[in-house]
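Okay, so here's the structure we're looking at.
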Amino acid sequence: MKFTDILIQKFSVAESEIDRALQFQASYGGKIETILSNLGIVNGEVICEALAESLQLTYVSQEQVEEMYQRFSGSQVEQSKFLKERNWYLLGESPTEVAYYITFNPTNLEAIEYLEYLNKEFELFVSSEGTWRELTGRLSADAGLELAIDDFSDLEVERLKELASEAPVVNLVNALISKSLQLGASDLHIEPSGNIFKARARVDGVLRDLEFIPSAMSLAVISRIKILSSMDIAEKRRPQDGKIAMKISGFDLDIRVSALPLNAGESIVMRFLLKESVRYELSTLGISDDIRQWIDEDLTKSSGVILLTGPTGSGKTTSLYSFLNKLNNDKVKIITLEDPVEYQLDGVNQIQVKPDIGFDFAAGLKSILRQDPDILMLGEIRDAESAKIAMQSALTGHLVFSTVHTNDAPSAYTRLIDLGVEEFLLNAALVSIVAQRLVRKVCSHCSEPHEHAQELKVKYNLEAYAKQFGVENVDLRVGSGCKSCAFTGYQGRVAILEYLRVDDEIRSMPKGADFLLKATRHMQQNGVRDLYEDGLYKAIQGITTIDEVVRVAG
C-alpha cells in the first residue's frame, strides 16, 4: 500500500491535507514525508510508522526500546562512518552475517546503494528520530564511545570545541531549538537520564519529551550551547548563566541559558523570550470581568503598592507588564528594576540589576527614586531593605508594583512581616494583593462536551458553584486531541486569580497566627473567589478542565 494511502486509511489524515502537501512538492520539490512534517500535517512518529509499513519493514516504537536494547546490548560491532552520517546505525550481526540496522530515514538511497555495493545482506528497522537517538545513545554508551567527564585538559577543551562545531551537533542543537519554538515552548531542558540525555520542552507549563541525545553526543551538545551563550566550556563544577541572541523567521529571539552541575552530568535549561509574541494587554490575560474591574480601579491610584504573588512561571511578569502598559503614556515616568529584563517596553525605563557589582534591588531602588519617577516596578521583593524602601516609596507619592513568592494573597502579609517590614507600614502602603496561577485552556479546535460531566458536577458540587458565581449553565468541556494541540487536548493558557483588596477591615486585623484564616473568611464574605474557585469558575464555562484546575490549584 502506498505511503499516503496508509496515512489516510490508518492514521485518518485528511485527503485534502495530503493533496496540499503533494501540490507543495510539485511546486518546490522535496520528499513528501519531509513536507508533511514541515507543514505540521503529520508528526515524525506517524511518518516513520507509515513509511515502515509502506516499505514492509519492521517499525520500532518508543515502548520497544528496552526490548531492542536487551537484544543488541552485547553486540561488539564497528560502525561505518558513512552510514552513521546518514543516520543508519548498525545494531549487530546474526551468525549468518545478516547485518541489523536501525534508522529514521529508510529511504536514503546512498545508504542502500552503499550496502548493495558491499554485497551486504541486511535487515532494516525503522523508528522515530527520538526513539533512534535513545536506543543508539544507550548502545553507544555501552560501547564506551562517550567522552570522559573528568576535568578537561587544554587538548580536550580544543577537541570539545571541534566537536561542538561539527555539522551533526550544530544541526541537532538547531533542531531542538526549532522544534521547541514550533511547539510554542517557553523552555527547553537538556538533562541526564540514565545512560542518555533527554531533551524536554515546556509547553503551556507542562514538560513534554522532545528528543533523546546519545551520551556520545551529550558533551558536544552541551559545549555547543555553552559556546553560543558565552560560557566557559571547561567549567562544569559551578553553575553558569549565559544568553544567546538570534533571529528566527525575522523575529528577535533572546535565550536565557542556565547550566547546573549534577551528579550524572550537567543540566541545561534554555528559556525562550520571543519579544514579538507577547501582547501586554489585560484583555489577553483571561482575567474574569469582576476581578478585572477591581484591578482597573487600583490602577487609577496615584500611590500605593500592588503586589503579585505566585511561583516561578505563573505569569507574574506578563501581568505586571500589562499593568504598566495600561498606565504608560507621555504624562508619566515609569522605571522598572528587573533581574533579568525579559522584554523591552517602549516608553519605559528598564534597569537590569547586577548583584556581582553591588547593584542589587535595594541599591537600585535608592538610585531610581532620585530620577523622579511616577510609577515603579520592582521585579521581586527579596529582602527586608528592598521591601521597606518599596513601602516607603508608596507613602511618598509613587505607585509601586512588585512580586513576592507566596501560595496565596493573604500569605503575602506574613511573608513581608517575616522579612522584617513593620505591620503599620504594610497597612499604610498596600493597595491590593493578587495571587496568580496559569491553567491550560481546552483546545478550541477539538473541544467537545465532557462525557463524565454529570459525575463531575456531583463530585465537585458544581451546580452550587455555578449559582454562587452567577453562571446559568455548567458547560464542562474537554479536548479530544488534534494536530493543533499536538493531541494533548490543550492549547494556550489562561490566568486564574485570587484578589485581596487591602480595605479598612484587612488593615484593622491583627497580623498574628490567625490572620490568614480571618482574611480568607473576609474574602468569602465579600464574594471574592480563591484560586481554586476561580479555576472552577473557568472550568464550568468550558475554558479549562476540572483536572487542570485540580493540578494547579487543588
Side-chain angles (χ1 to χ4, degrees), residues 164 169-191 199-205 207-208 210 221-233 239-260 266-281 284-285 311-325 328 334-357 359-361 364 377-380 401 403 438 492-493:
V169 174
V170 173
N171 292 339
L172 177 55
V173 172
N174 290 345
L176 289 174
I177 293 174
S178 178
K179 287 182 180 179
S180 300
L181 292 172
Q182 286 175 8
L183 290 170
S186 59
D187 305 86
L188 171 62
H189 296 239
I190 299 174
E191 55 203 5
R200 298 188 293 170
R202 188 178 294 280
V203 182
D204 291 336
L207 284 169
R208 185 186 303 175
L210 199 62
V221 167
I222 289 172
S223 297
R224 173 69 181 169
I225 295 170
K226 284 184 171 181
I227 289 170
L228 290 174
S229 53
S230 302
M231 293 185 192
D232 181 359
I233 66 170
Q240 295 188 74
D241 294 306
K243 177 181 175 181
I244 303 172
M246 61 173 61
K247 271 189 177 289
I248 299 288
S249 300
F251 294 107
D252 290 324
L253 173 69
D254 282 343
I255 305 176
R256 307 281 177 174
V257 186
S258 170
L260 181 69
E266 280 187 282
S267 169
I268 297 285
V269 175
M270 306 170 72
R271 184 163 200 195
F272 303 117
L273 304 173
L274 191 59
K275 300 172 184 177
E276 288 83 355
S277 67
V278 182
R279 290 175 58 202
Y280 303 112
E281 298 176 10
T284 65
L285 301 177
T312 302
S314 60
K316 300 189 301 296
T317 300
T318 302
S319 294
L320 283 176
Y321 281 6
S322 299
F323 297 165
L324 294 179
N325 195 49
N328 190 13
I334 303 175
I335 302 181
T336 73
L337 195 61
E338 306 171 61
D339 184 22
V341 175
E342 295 189 2
Y343 298 101
Q344 190 67 46
L345 296 174
D346 291 337
V348 176
N349 300 289
Q350 294 173 267
I351 303 170
Q352 167 82 51
V353 299
K354 296 180 174 64
D356 52 329
I357 62 171
F359 187 67
D360 56 13
F361 281 114
M377 195 270 272
L378 176 65
E380 183 185 343
F401 297 92
T403 69
L438 294 175
R493 288 188 289 177

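Numbers here simply count residues along the sequence, with the first being 1. No hydrogens, no waters, no symmetry mates; every other heavy atom, side chains included, goes into these values.
Judged purely by atom type and a 3.5 angstrom limit, Asn328 uses its side chain to pair as donor or acceptor with the backbone of Asp346. Under a 3.5 Å cut-off, the side chain of Gln350 and the backbone N or O of Glu338 do not form any donor-acceptor pair. Side chain of Ser229 to main chain of Ile225: a donor-acceptor pair is present (N/O by atom type, distance under 3.5 Å, no hydrogens or angles).
Between Leu188 and Ala199, the shortest heavy-atom distance links the atoms CD1-CB, 4.4 Å. Taking both residues in full, the closest heavy atoms of Val203 and Leu183 are given as CG1-O, 3.4 Å, listed atom of the first, atom of the second, then distance. The minimum heavy-atom distance linking Gln352 with Asp339 is given by the pair NE2-OD1, 3.2 Å. The minimum heavy-atom distance linking Lys316 with Pro311 is given by the pair NZ-O, 3.0 Å. Ala259 and Glu266 make their closest contact through CB-OE2, 4.1 Å (heavy atoms, listed as atom of the first residue, atom of the second, distance). Minimum interatomic distance between Leu438 and Gly313 (heavy atoms only, all atoms of both residues): CD1-O, 3.8 Å.
Distance OG/Ser223 to CG/Asp232: 10.0 Å, rounded to 0.5 Å. The CD1 atom of Ile334 sits 8.0 Å away from atom CZ of Phe401, with the distance rounded to the nearest 0.5 Å. Taking CD1 of Ile268 as the start and CE of Met231 as the end, the distance is 5.5 Å to the nearest 0.5 Å. Between the CD1 atom in Ile222 and the CD1 atom in Ile227 there is a gap of 12.0 Å [rounded to 0.5 Å].
Taking the ring pair (Phe, Tyr, Trp, His ring centres under 6.0 Å) definition, one finds that Phe272 meets it with nothing, sequence neighbours left out. Judged as a side chain to side chain donor-acceptor pair (under 3.5 Å), and not counting sequence neighbours, Arg256 has no contacts. In terms of the side chain to side chain donor-acceptor pair (under 3.5 Å) criterion, Thr403 has no residue partners (sequence neighbours excluded).
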(request) Please report the C-alpha distance between Leu345 and Thr336 in whole Å, then the side-chain angles of each, then the deciding distance to 0.1 Å, and finally whether the side-chain contact (heavy atoms from CB on, under 4.5 Å) criterion is met. (result) CA-CA 10 Å; Leu345 296 174; Thr336 73; 5.6 Å; no
(request) Take Leu253 and Leu181 through the side-chain contact (heavy atoms from CB on, under 4.5 Å) test and state the conclusion after the steps. (result) CA-CA 10 Å; Leu253 173 69; Leu181 292 172; 3.8 Å; yes
(request) Begin with the C-alpha distance, continue with both residues' side-chain angles, and end with the deciding distance and a verdict on side-chain contact (heavy atoms from CB on, under 4.5 Å) for Ile351 and Leu337. (result) CA-CA 5 Å; Ile351 303 170; Leu337 195 61; 3.7 Å; yes
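Side-chain contact between Met270 and Ile244: present, with at least one pair of heavy atoms (C-beta onward) separated by less than 4.5 Å. In this structure, Ile255 and Leu228 have side chains that are not in contact, with every pair of non-hydrogen atoms separated by 4.5 Å or more. At a threshold of 4.5 Å between non-hydrogen side-chain atoms, the residues Arg200 and Leu210 do not count as touching.
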